[in-house]
Structure formats: C-alpha cells, structure tokens
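Worksheet: one structure, shown below.
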Amino acid sequence: MYAVINLQYLGMDKIEHIGIAVNSIAQAGNIYEKLLGTPIYKTEDVASESVKTAFLQCGPNKIELLEALNDDSPIAKFIAKRGEGVHHIAFEVKDIRVEMARLKGEGFVLLNDEPKQGADNKLVCFVHPKGVNGVLVELCESLV
Ligand code: ZN
C-alpha cells in the first residue's frame with residue numbers, strides 16, 4: 001500500500017532557471033541580451049546572499065546572472081575558486097517543504113533547513129553539490 005499524501009506534489013516540475021556567476025552584470029548582461037535576443041527584464045539585490053541578480057527569459061525558462069555584492073558573497077568565493085560560469089540549476093517545485101522532506105529522505109544534504117526568501121519572489125532551498133555530482137541545485141517555489 002502506497003502513501004497517497006501529497007503525491008501530486010512530489011518531484012520537480014521543470015528547470016526554472018540556470019544561475020550563472022559573473023564578475024559584472026553590466027558586462028555580462030550585454031552579452032546575454034545579445035545571445036538570447038531578449039532584454040534583462042528584472043534586476044534585484046538579494047541581501048541574504050550578498051548578490052545582485054538579473055533575469056532574462058528564454059521560453060519557459062530563465063537565465064539568472066549573479067554578481068557578488070561584496071567579498072563575503074558565495075558568488076565571490078565561487079568565482080575566486082572556479083572562475084565565471086554556471087553556478088547552479090534551479091528546479092521549480094509546487095511545495096518546497098514537501099520536496100525538501102523527500103530529498104532529505106533520499107539522503108541529499110540540504111544547505112538550509114527552512115526555505116528562505118530568494119530572488120524573483122520565490123522560496124528557495126539549496127542542495128549540497130557534493131551529493132549531486134558537483135552541481136549546486138536550487139529548489140524554488142513561486143510565491144505569486
Ligand atoms: Zn537561482
């Protein structure tokens with residue numbers, strides 16, 4: 001007998017966005033606008049992560065450019081270690097708490113115990129890259 005609670009909420013819905021660490025949104029934004037043929041539609045500072053973000057739409061998905069606001073920012077540390085490039089992949093989920101519990105049960109290590117306020121009006125949680133073959137994964141639940 002299978003448990004039926006919240007079964008409709010299990011699993012990831014789609015790739016919501018791909019996060020790219022950049023030295024300068026002013027510089028990278030120009031390149032990504034040319035690449036995708038669409039303008040940045042939103043920029044937002046996320047104080048809790050010490051990052052400035054900029055978003056571009058690409059069909060049903062987004063590209064999130066991430067620039068460090070200071071040297072303590074995780075993005076500054078990432079760039080110092082690995083250079084600019086793909087930083088994380090974000091998956092959209094319907095109920096972030098349900099999904100966090102599912103992933104914990106599967107043995108993944110979550111970087112925060114409670115969902116936190118992310119950019120673009122989302123609740124977010126990060127999954128440690130060590131358990132995901134080196135890829136930092138973000139879960140996000142839309143608050144709109
Ligand atoms: Zn993100």
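It should be emphasised that the depicted structure is a prediction, and the values quoted were computed from it without experimental measurement. Indexing begins at 1, ligand by ligand and atom by atom, following the structure's order.
Restricting Glu64 to its N, O or S atoms, the one at the least distance from the Zn ion (ligand 1) is OE1. Nearest N/O/S atom of Glu138 with respect to the Zn ion (ligand 1) is recorded as OE1.
The Zn ion (ligand 1) has no N, O or S atom of Glu16 inside 2.8 Å of it. For a distance bound of 2.8 Å, the N, O or S atoms of His17 include one lying that close to the Zn ion (ligand 1). The Zn ion (ligand 1) has an N, O or S atom of His88 under 2.8 Å away, backbone or side chain.
In the model, His88 has a side-chain atom that pairs as donor or acceptor with a side-chain atom of Glu64 under 3.5 Å. Defined by atom type and a distance below 3.5 Å, a donor-acceptor pair is present between the side-chain atoms of Glu138 and His17.
With respect to Glu44 and Lys52, no salt bridge is recorded, no charged nitrogen being found less than 4.0 Å from a carboxylate O. With respect to Asp71 and Lys77, no salt bridge is recorded, no charged nitrogen being found less than 4.0 Å from a carboxylate O. Between Glu114 and Arg97, at least one side-chain N (NZ, or NE/NH1/NH2) sits under 4.0 Å from a carboxylate O, which counts as a salt bridge.
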